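Input: a single structure, listed below in structure tokens.
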Protein chains: 2
Amino acid sequence: MIEIKSLPTNCAVRPNEQICSNCGARALSVCGALGDADLARLDGLAERVSLPAGDALTREGDPARYLYNITSGSVRVFKLLADGRRQITGFLFAGDFLGLTAGEAFAFSAEAIEPVTLCRFKRAEYRSLVRESPSLEAALLDRANHELAAAHNQMVLLGRKTAQERIATFLLELPSKDPARPGGENTVRLPMSRSEIADYLGLTIETVSRVLTRLKTQGLLRLASLNEIVVLKPAALRRLAEGDV
Amino acid sequence: MIEIKSLPTNCAVRPNEQICSNCGARALSVCGALGDADLARLDGLAERVSLPAGDALTREGDPARYLYNITSGSVRVFKLLADGRRQITGFLFAGDFLGLTAGEAFAFSAEAIEPVTLCRFKRAEYRSLVRESPSLEAALLDRANHELAAAHNQMVLLGRKTAQERIATFLLELPSKDPARPGGENTVRLPMSRSEIADYLGLTIETVSRVLTRLKTQGLLRLASLNEIVVLKPAALRRLAEGDV
DNA sequence: AAGCCGCCTTGATCTGCATCAAGCGTTGCG
DNA sequence: CGCAACGCTTGATGCAGATCAAGGCGGCTT
């Protein structure tokens, strides 16, 4: 049974989205994509999973059998070169989907950063649902387009921004993706390690650390703890991010 | 009128795709997305345009009124930072679409590299067609997913590959995107300037030039002309591209 | 055919970030 | 409590690629 109204505590709520009681299907339905019948059916296909930090959701090259919807925690999505160099292509948080874009095999790996809860669907069943529900497809297309725009912005960052601009951009954009907000208005939660930030921004851990220290020294931010940063001067940070220095 | 059978000479043909006589609509139809009726309707909406080298198709921030299908030539798609730094996010060739992913406004600029011919649709009309034709949407979703996978690969390149690995990757992948093949089997056509290659790979023109010279010296390739390169040792180049050195 | 212009190559030098190398704080465990 | 492990910071040094600078070459104009 689906209980849309009574959201359990472990369900994340994102802007314009809700996560349903059993799984993340609701997130799609509120895009106007799923009727109640479809929703019930998708819910029936879902399987709840909890993963400890570090565990893999997918590995590059694995057959893409499942589709995932994160309901809590955070996930790193990345690709590796033969010699172990890693590029993190994105972080996922509660409400995000993984595996929508995969073909027969996953083109990326994904691992839990923190303990993660998620719902898992068989892709085959999901695909047949999609074929019958055109408005779901429209919602997915919309999602894919947003991801594509984000990817292009990240290409600008990786190809043309300085280390300081990358960090500033990262600190400004992270909160808008992560619905698990800490207390303060301008407080940024960093569930990921310095090494993961580095691999996301195309830098080294030392450079990440040095730039954060410099921004702190300049009074733009405060390192509340290793995993929490308070942005003291958002406007100045935004100017840095765009290279208006 | 549509004449699917008689393709005029200026129409590009891509693997598994054909461009229709009047416009690029055929490219979508052969994905199984469009019936003859839809095709005729889309054809009716199309407008042929020719652009000289350097002219803009879209500018970042402009309202996204049109959708484009390139029928010949090549296009650079890019984003700019405030101080003029440019990141080229992709090159488009005959058969490629531009503007599918845009929201209300374009998030990127696009300009002709060579003289370009294209077909232009009003996005509003195209959207209503899409709403009525679910299988078209499926084809578009498929396209978006491929672009997304390509964007992730480019993020690996920009974030983690050396200059030599970037150039090698570029030379290996370009021909698979550009249907305008020159004579030889391993000949790569470079319609874009060194400066465009640099802005695509996150390098400078000097580095592009130096790396090409080095690869030539090492006997991996031959610079047939400024805009044509013959790959002499594809296997070795592929090893370089993946960092297996 | 001379001269200019834009694009490319090549060389010299510089620099931002990587690499190498300590040391520090926190956590967990015997 | 001690001490080992791990992740982070900070400092010293190195280097890939950027920047600065000087031709070279082909195409276009007159």
Side-chain angles (χ1 to χ4, degrees), chain A residues 52-54 76 81 83-88 113-114 157-171 188 190-218 221-229 240 243 245, chain B residues 52-54 76 81 83-87 113-115 157-171 188 190-218 221-229 240 243 245:
Chain A
R76 55 177 175 257
L81 291 176
D83 60 4
R85 277 172 288 172
R86 177 176 70 168
Q87 178 66 42
I88 293 183
I113 292 176
E114 317 165 88
L157 181 147
L158 293 170
R160 288 296 178 225
K161 288 193 181 180
T162 65
Q164 182 164 287
E165 289 162 358
R166 294 179 201 208
I167 298 279
T169 306
F170 175 67
L171 291 177
V188 182
L190 296 175
M192 65 291 290
S193 67
R194 298 293 187 265
S195 149
E196 286 161 340
I197 297 174
D199 283 348
Y200 180 59
L201 299 179
L203 301 170
T204 59
I205 51 171
E206 293 93 335
T207 299
V208 171
S209 182
R210 273 186 254 269
V211 171
L212 285 177
T213 303
R214 195 193 320 157
L215 293 176
K216 186 184 74 177
T217 307
Q218 294 171 348
L221 49 82
R222 193 163 60 78
L223 304 176
S225 77
L226 268 183
N227 302 311
E228 227 172 70
I229 286 180
L240 280 193
V245 185
Chain B
R76 53 177 176 258
L81 291 174
D83 60 4
R85 276 172 289 173
R86 177 176 69 167
Q87 177 66 41
I113 292 176
E114 316 164 88
L157 181 147
L158 293 171
R160 288 296 178 225
K161 287 193 181 179
T162 65
Q164 181 164 287
E165 288 163 358
R166 294 179 200 207
I167 298 278
T169 306
F170 175 68
L171 291 178
V188 182
L190 297 175
M192 67 290 290
S193 67
R194 298 292 187 265
S195 150
E196 286 161 340
I197 297 175
D199 283 348
Y200 180 61
L201 299 178
L203 301 170
T204 60
I205 51 171
E206 292 94 335
T207 299
V208 171
S209 182
R210 273 187 253 271
V211 171
L212 285 177
T213 303
R214 195 192 321 155
L215 293 176
K216 186 183 74 176
T217 308
Q218 294 171 348
L221 49 80
R222 195 164 58 80
L223 304 176
S225 77
L226 268 184
N227 301 312
E228 228 172 71
I229 286 181
L240 280 193
V245 187

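By convention in this document, chain letters (A, B, ...) are assigned in the order of the sequence lines, proteins followed by strands, and residues within each chain are numbered from 1. These figures come from a predicted structure and were not determined experimentally. Just the heavy atoms: all of them, side chains too, but no hydrogens, waters or symmetry mates, feed the values below.
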Taking the side chain as every heavy atom from C-beta outward, state whether [X] and [Y] have any pair of such atoms under 4.5 Å apart.
X	Y	answer
A:S195	A:R86	yes
B:R160	A:D199	yes
A:F170	A:L190	yes
A:L240	A:L215	yes
B:L157	A:Q87	no

Using a heavy-atom cut-off of under 4.0 Å over every strand shown, decide if [X] touches base, sugar-phosphate, or nothing.
X	result
B:S193	sugar-phosphate
A:L203	sugar-phosphate
A:L226	sugar-phosphate

Could you tell me how far apart [X] ([atom1]) and [N] ([atom2]) are, to the nearest whole angstrom?
X	N	atom1	atom2	value
A:L158	C:dC17	CG	P	13 Å
B:I113	C:dC7	CD1	P	13 Å
A:L223	C:dG25	CG	P	15 Å
B:E206	C:dC8	CD	P	11 Å
A:R194	C:dA18	CZ	P	16 Å
B:I205	C:dT10	CD1	P	13 Å
B:I229	C:dC8	CD1	P	12 Å
B:N227	C:dG6	CG	P	18 Å

Contact nearer the 5' end of DNA chain C, comparing B:R210 with B:S195: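 Residue closer to the 5' terminus by nearest nucleotide: B:S195.
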B:Q164/B:R214 under side-chain contact (heavy atoms from CB on, under 4.5 Å): CA gap, chis, key distance, verdict: CA-CA 9 Å; B:Q164 181 164 287; B:R214 195 192 321 155; 2.6 Å; yes
Would you tell me if any nitrogen or oxygen in the side chain of A:T207 comes within less than 4.0 Å of OP1 or OP2 on C:dA18?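 So the side-chain polar atoms of A:T207 do come within 4.0 Å of the phosphate oxygens OP1 or OP2 of C:dA18, strictly under.
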Reading DNA chain D from 5' to 3', where do the contacts with chain B start and stop? Cut-off is 4.0 Å to heavy atoms.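 From 5' to 3', the first and last contacting nucleotides are D:dG17 to D:dC20.
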Hey, which sits more toward the 5' end of DNA chain D by its nearest nucleotide, A:R160 or A:M192?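 So the residue in question is A:M192.
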Before you tell me yes or no, could you show the steps for A:V208 and A:R166 under side-chain contact (heavy atoms from CB on, under 4.5 Å), namely the whole-Å CA-CA distance, both residues' side-chain angles and the distance that decides it to 0.1 Å? CA-CA 9 Å; A:V208 171; A:R166 294 179 201 208; over 6 Å; no
